There are 2 protein chains.
Amino acid sequence: MYINLHLILLHPMRIEDEIKQPIFRDDFQKAHINLLFTASWLQLRQAVAFKPYGLTLPQFNILRILRGQHPLPATVALLIDRMLDKTSNASRIVDRLEEKKLVTRTVCPANRRAVDIRITVAGLALLERIEQDGVLNASDLTQLNDAEVQQLNGLLDKIRSGDELPGR
Amino acid sequence: MYINLHLILLHPMRIEDEIKQPIFRDDFQKAHINLLFTASWLQLRQAVAFKPYGLTLPQFNILRILRGQHPLPATVALLIDRMLDKTSNASRIVDRLEEKKLVTRTVCPANRRAVDIRITVAGLALLERIEQDGVLNASDLTQLNDAEVQQLNGLLDKIRSGDELPGR
DNA sequence: TGACATTAAATGTATGTACATAAATTTGCA
DNA sequence: TGCAAATTTATGTACATACATTTAATGTCA
């Protein structure tokens, strides 16, 4: 039930082998934990890969959204709309990118409530360097072949299909 | 590439249908995002389910570890060892459980560096109530059948197999 | 014994998430 | 026109993660 993440990160093995509580109730429970655990594993690998560049994952993602817009600006509302998690706080992530001179913030002249956010030359250069170093490829699912990846996508889509959030 | 979590939470659909950037580079990239995304989806469902009980997920997990030890105490070191993420801060999560009178902290008489942490009667009662209300089952992978769940476990195990963390 | 290393927990700092609220601007309509 | 509602961003609080450092107690060994 409870797993030591860093141990597995360094010495990958089947999830049973790291479980302290003896067994899972059933394969469903195992899959549930396995899913959360594998996602953490991927995220930690990514975070470690980005660390040498002084970026966190959310900061990297926002930079990429901004590059997608470049040379047009993005507003905070656009960033929120495109981020993985809608409720996270784009304003403060942009604060940190601004401190590092990777983005600029200017009041939108057409609508003074809004803020135009633009990636800087330094921001573009940093993204390019990260991509040229192959940081993204390092965290790919290289252990799976094409058929397996398609299977996985089907299963994950199915998990989220056909039901509503209970009690809301 | 970037997905609106809360929309999907309320209206599950295939992951392509929520993507703002037009397409994935390939099925591998899609599976990567799909995995992170589905795990967030499960976690958010769980967090929402625990909210009425005034617990966060890490707090709930630590309570369960403590019940597993009960009536013996656990040390902070034992909690860290059994938690999903070894580097998270068990001390401060125990702080919050202690404020809610769900656990007690006493200096270990045999080793005054260590702290004995025990679940209280109120803590045990809360766990029982949560489980009787079926909160755990609500977040199961009910959309999959037995064969699919086994397939999923195999694929997830395979993702983490056979390589080391690059550059560490 | 006493100096030094080791261990266990707590604390500090930076970041991010989740959620509520505030502040400024714009919109819309009586 | 003028005032309420809506929009856009920023801020505040609580909690958690990640990582470094501190504090206290114990262990080791010359």
Side-chain angles (χ1 to χ4, degrees), chain A residues 5-6 9 36 39-41 43-62 73-81 83-100 103 105-117 165 168, chain B residues 4-6 9 36 39-41 43-62 73-81 83-100 103 105-117 168:
Chain A
L5 185 60
H6 283 199
L9 189 60
L36 298 179
S40 287
W41 183 80
Q43 277 186 322
L44 186 49
R45 283 169 66 94
Q46 284 194 314
V48 167
F50 284 120
K51 197 158 208 185
Y53 305 94
L55 285 185
T56 65
L57 266 168
Q59 288 169 15
F60 174 75
N61 282 328
I62 282 195
T75 61
V76 169
L78 185 143
L79 295 179
I80 290 172
D81 191 48
M83 284 171 65
L84 187 72
D85 191 326
K86 200 185 186 62
T87 73
S88 73
N89 201 326
S91 270
R92 282 183 270 229
I93 298 173
V94 171
D95 285 347
R96 272 141 223 150
L97 292 172
E98 196 182 16
E99 286 162 15
K100 294 177 210 164
V103 309
R105 245 201 285 229
T106 54
V107 172
C108 172
N111 178 351
R112 298 209 330 264
R113 286 172 302 188
V115 174
D116 282 343
I117 303 160
L165 183 64
R168 224 213 213 175
Chain B
N4 175 331
L5 185 61
H6 282 199
L9 189 60
L36 299 179
S40 287
W41 183 80
Q43 277 186 322
L44 186 50
R45 282 169 66 91
Q46 284 194 315
V48 168
F50 283 121
K51 197 157 208 187
Y53 304 94
L55 285 185
T56 64
L57 265 168
Q59 288 169 14
F60 174 74
N61 282 329
I62 283 194
T75 62
V76 169
L78 184 142
L79 295 178
I80 290 171
D81 190 48
M83 284 170 67
L84 186 73
D85 191 328
K86 202 186 185 59
T87 72
S88 74
N89 199 324
S91 270
R92 281 183 269 228
I93 298 173
V94 171
D95 286 346
R96 270 142 224 150
L97 293 172
E98 197 182 16
E99 286 162 15
K100 295 177 212 165
V103 309
R105 244 199 287 227
T106 54
V107 171
C108 172
N111 179 351
R112 298 208 331 261
R113 285 173 302 189
V115 172
D116 283 343
I117 303 159
R168 220 208 220 177

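Chain letters run A, B, ... following the sequence lines, proteins first, then strands; residues in each count from 1. As the structure is a prediction and not an experimental result, all values here were calculated from the model.
I93(A) CD1 to I80(A) CD1: the interatomic distance, rounded to the nearest 0.5 Å, is 9.5 Å. The line from OG1 of T106(B) to CD1 of I117(B) is 9.0 Å long, rounded to the nearest 0.5 Å. Here CG of L97(A) is found 7.5 Å from OG1 of T56(A). Values are rounded to the nearest 0.5 Å.
Looking at which nucleotide of DNA chain C each of T56(A) and I117(B) is closest to, the 5′-most match is held by I117(B). Place R92(B) and E99(B) on DNA chain D by their nearest nucleotides, and E99(B) ends up nearer the 5' end.
With distances taken from any side-chain atom of K51(B) to the nucleotides dC19(C), dA9(C), dT17(C), the minimum falls on dC19(C). Across dT9(D), dT13(D), dT15(C), the shortest atom-to-atom separation from the side chain of V76(A) is found for dT9(D). The nucleotide whose nearest atom lies closest to any side-chain atom of R112(B) is, among dG16(C), dA10(D), dA25(D), dA25(D).
Atom CD in Q46(A) sits roughly 16 Å away from atom C1' in dA18(D) (whole-Å rounding). Spacing between atom CZ of F60(A) and atom P of dG16(C) amounts to 14 Å, rounded to whole angstrom units. Note: CD (E98(A)) to P (dT15(C)) measures 14 Å, nearest angstrom. Taking atom CG of residue L44(A) and atom P of nucleotide dG16(C), one finds them 15 Å apart after rounding to whole Å. Distance I62(A) CD1 to dT17(C) C1': 13 Å, rounded to the nearest Å. The distance from atom CG of L79(A) to atom C1' of dT8(D) is 13 Å, rounded to the nearest whole Å. In this structure, CG of N111(B) is placed 12 Å from P of dT7(C), rounded to the nearest angstrom. Rounded to whole Å, atom P of dC19(D) lies 14 Å from atom CD1 of I80(B).
If you check distances only, the side chain of R113(B) never reaches the base of dG27(D) with a donor-acceptor pair under 3.5 Å. Side-chain to base pairing of N89(B) with dT11(C): one donor and one acceptor N or O lie within less than 3.5 Å of each other. Checked by distance alone, R96(A) brings no side-chain donor or acceptor within 3.5 Å of a matching partner on the base of dG16(C).
Residue I93(B) is in sugar-phosphate contact alone, with no base atom involved, counting any heavy-atom pair closer than 4.0 Å across all strands shown. Among the atoms of the strands shown, none is found under 4.0 Å from any heavy atom of D95(A).
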Run R45(A) and V48(A) through side-chain contact (heavy atoms from CB on, under 4.5 Å) and show every step you take. CA-CA 5 Å; R45(A) 283 169 66 94; V48(A) 167; 6.0 Å; no
Test log, rule side-chain contact (heavy atoms from CB on, under 4.5 Å), inputs M83(A) and N61(A): CA-CA 7 Å; M83(A) 284 171 65; N61(A) 282 328; over 6 Å; no
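Considering only side-chain N and O atoms, Q59(A) lies under 4.0 angstrom from the phosphate OP1 or OP2 of dG16(C).
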